[in-house]
*Asks:* 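Pasting in a structure now, in structure tokens, and then I'll have a few things to ask.
Residue numbers count from 1 along this sequence. What you see below is based on every heavy atom in this structure, not just the backbone, and it leaves out hydrogens, waters and symmetry mates.
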Amino acid sequence: MPDVRTVLKPAATRDPLRNVRALRNALLQWFDRRATDYPWRRTTDPYAILVSEIMLQQTTVEAVIQNRRFERFLETFPDLESLANAPEDKLHRAWEGLGYYNRARNIQKAARAVLSEHGGEFPTDPGALEALPGVGRYTAGAVASFAFDHPAPIVEANITRVLSRLFDYHEPVNQSSAQSQLWAWSEALLSSRSPRAFNSALMELGQSHCSVRLPACLQCPINDFCQTRDPASLPRKSPRRKTVAVQEHVLFVRRRSGAVLLSREEGARRTGLWRLPERPQDELADFPVLATHRYGITHHRVTLHIHHCSPSQLPAAPAGTTEQFHAASALPGLPMPSPFRRALNNLL
């Protein structure tokens with residue numbers, strides 16, 4: 001029996017590149033009617049757009065929208081100066097819940113560079129934007145097009161999916177040669193008259209009609225340009241890294257005053273954040289387990305075992321670590337990885 005998705009996918013009647021003007025018009029007209037009202041689309045401030053783009057790099061739109069994370073970050077740091085001068089703890093606390101804290105530090109580095117190297121004015125050229133710390137080709141193109149309406153192409157996950165299906169492209173998209181091809185197509189399709197709207201439309205199409213599962217091909221505004229007959233099979237990717245199971249054993253140590261022992265992270269990923277202190281499993285064999293939590297980070301699946309320990313029984317801290325007792329009233333203000341925040345809230 002033929003695949004239902006193949007039957008429902010209309011055959012292309014027009015080539016996307018030979019009929020590029022018609023494709024642009026169809027996509028822009030659809031976007032003008034159906035654009036989602038995201039908070040970062042209500043501004044052309046390059047600082048706010050930089051924040052949104054870095055925030056969305058490894059976080060879903062839903063996670064950023066939830067609890068107004070974008071708006072709250074800008075309320076805390078409304079401009080370049082406030083972010084550039086922010087202490088590390090305040091920066092990490094404002095970013096908490098979004099993960100990948102290097103992104104927050106990269107925004108701060110970029111803010112300082114704009115102030116020191118560009119007199120506080122964002123460059124409009126994608127090449128100059130890409131020279132800012134933590135800004136790659138996609139983010140540079142996004143700021144250039146969304147803030148300045150500069151004709152800069154962009155390629156991210158949603159656009160990768162749209163282009164792979166539009167051109168019936170079967171090469172693994174996470175290879176460098178495929179990335180070069182996708183960027184070339186993005187540039188060839190880009191409307192020089194309306195780059196802000198066109199890039200937004202192409203991205204939104206991937207979020208809505210051209211979704212990962214069950215793409216809505218019959219309702220797609222550019223379905224007569226789309227070359228694939230089996231959209232759900234694209235894009236293709238090289239095999240992912242296997243998930244690695246990790247066991248973490250940590251201590252919950254609390255004084256009679258209510259103060260809780262925490263350890264300051266020094267690793268590249270979470271430096272400056274506070275968490276429950278960790279010890280080797282064999283040192284904690286005699287300490288009862290209070291709770292077990294599970295969380296994921298990159299390709300790791302972590303099982304977090306929380307052992308109860310009195311202050312008098314505390315095993316020695318590993319060399320080079322910083323551990324301090326913090327009053328319970330101070331805990332909400334400390335920057336902390338979300339899994340440990342949830343665990344502490346449950347324990348307390």
*Asks:* With a 4.5 Å heavy-atom cut-off, do Ile154 and Met203 have their side chains touching?
*Replies:*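 Side chain of Ile154 against side chain of Met203, heavy atoms only: contact under 4.5 Å found.
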
*Asks:* When you look at Tyr169 and Trp185, which way does the ring-ring contact (aromatic ring centres under 6.0 Å, His included) test go after all the steps?
*Replies:* CA-CA 11 Å; Tyr169 190 59; Trp185 279 330; 5.1 Å; yes

*Asks:* As an exercise, state the distance from CZ of Phe148 to CD1 of Ile49, rounded to the nearest 0.5 Å.
*Replies:*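 Spacing of CZ (Phe148) from CD1 (Ile49) equals 8.0 Å.
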
*Asks:* More than 12 heavy atoms of other residues, nucleotides or ligands under 6.0 Å from CD of Glu187: is that the case?
*Replies:*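 Count not over threshold, so no.
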
*Asks:* Charged N to carboxylate O below 4.0 Å: is that the case for Asp37 and Arg42?
*Replies:* yes

*Asks:* Out of curiosity, Thr59 OG1 to Gln57 CD, how far, rounded to the nearest 0.5 Å?
*Replies:* 9.0 Å

*Asks:* Within a strict 4.5 Å, meaning less than it, do heavy atoms of the Pro221 and Gln29 side chains meet?
*Replies:*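 No; the side chains remain at least 4.5 Å from each other.
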
*Asks:* Between Arg72 and Glu96, does any side-chain N to carboxylate O distance fall below 4.0 Å?
*Replies:*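 Glu96 and Arg72: not salt-bridged.
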
*Asks:* Apply the ring pair (Phe, Tyr, Trp, His ring centres under 6.0 Å) test between Trp40 and each candidate in Phe146, Phe70, Phe73; give the one that qualifies.
*Replies:*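 The residue from Phe146, Phe70, Phe73 that satisfies ring pair (Phe, Tyr, Trp, His ring centres under 6.0 Å) with Trp40 turns out to be Phe70.
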
*Asks:* How many angstroms lie between NE2 in His209 and CD in Gln219, if you round to the nearest 0.5 Å?
*Replies:* 6.0 Å

*Asks:* How long is the span from the OG1 atom in Thr292 to the NE2 atom in His249, to the nearest 0.5 Å?
*Replies:*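 Going from the OG1 atom of Thr292 to the NE2 atom of His249 covers 9.0 Å.
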
*Asks:* For Asn106, what residues pass the side chain to side chain donor-acceptor pair (under 3.5 Å) criterion, not counting sequence neighbours?
*Replies:*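 For Asn106, no residue satisfies side chain to side chain donor-acceptor pair (under 3.5 Å) once neighbours in sequence are set aside.
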
*Asks:* Evaluate the side-chain proximity of Leu189 to Leu17: yes if any heavy-atom separation is below 4.5 Å, no if none is.
*Replies:* yes

*Asks:* For the atom pair OH (Tyr47) and OG (Ser82), what is the distance rounded to the nearest 0.5 Å?
*Replies:*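 Here the interatomic distance stands at 5.0 Å.
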
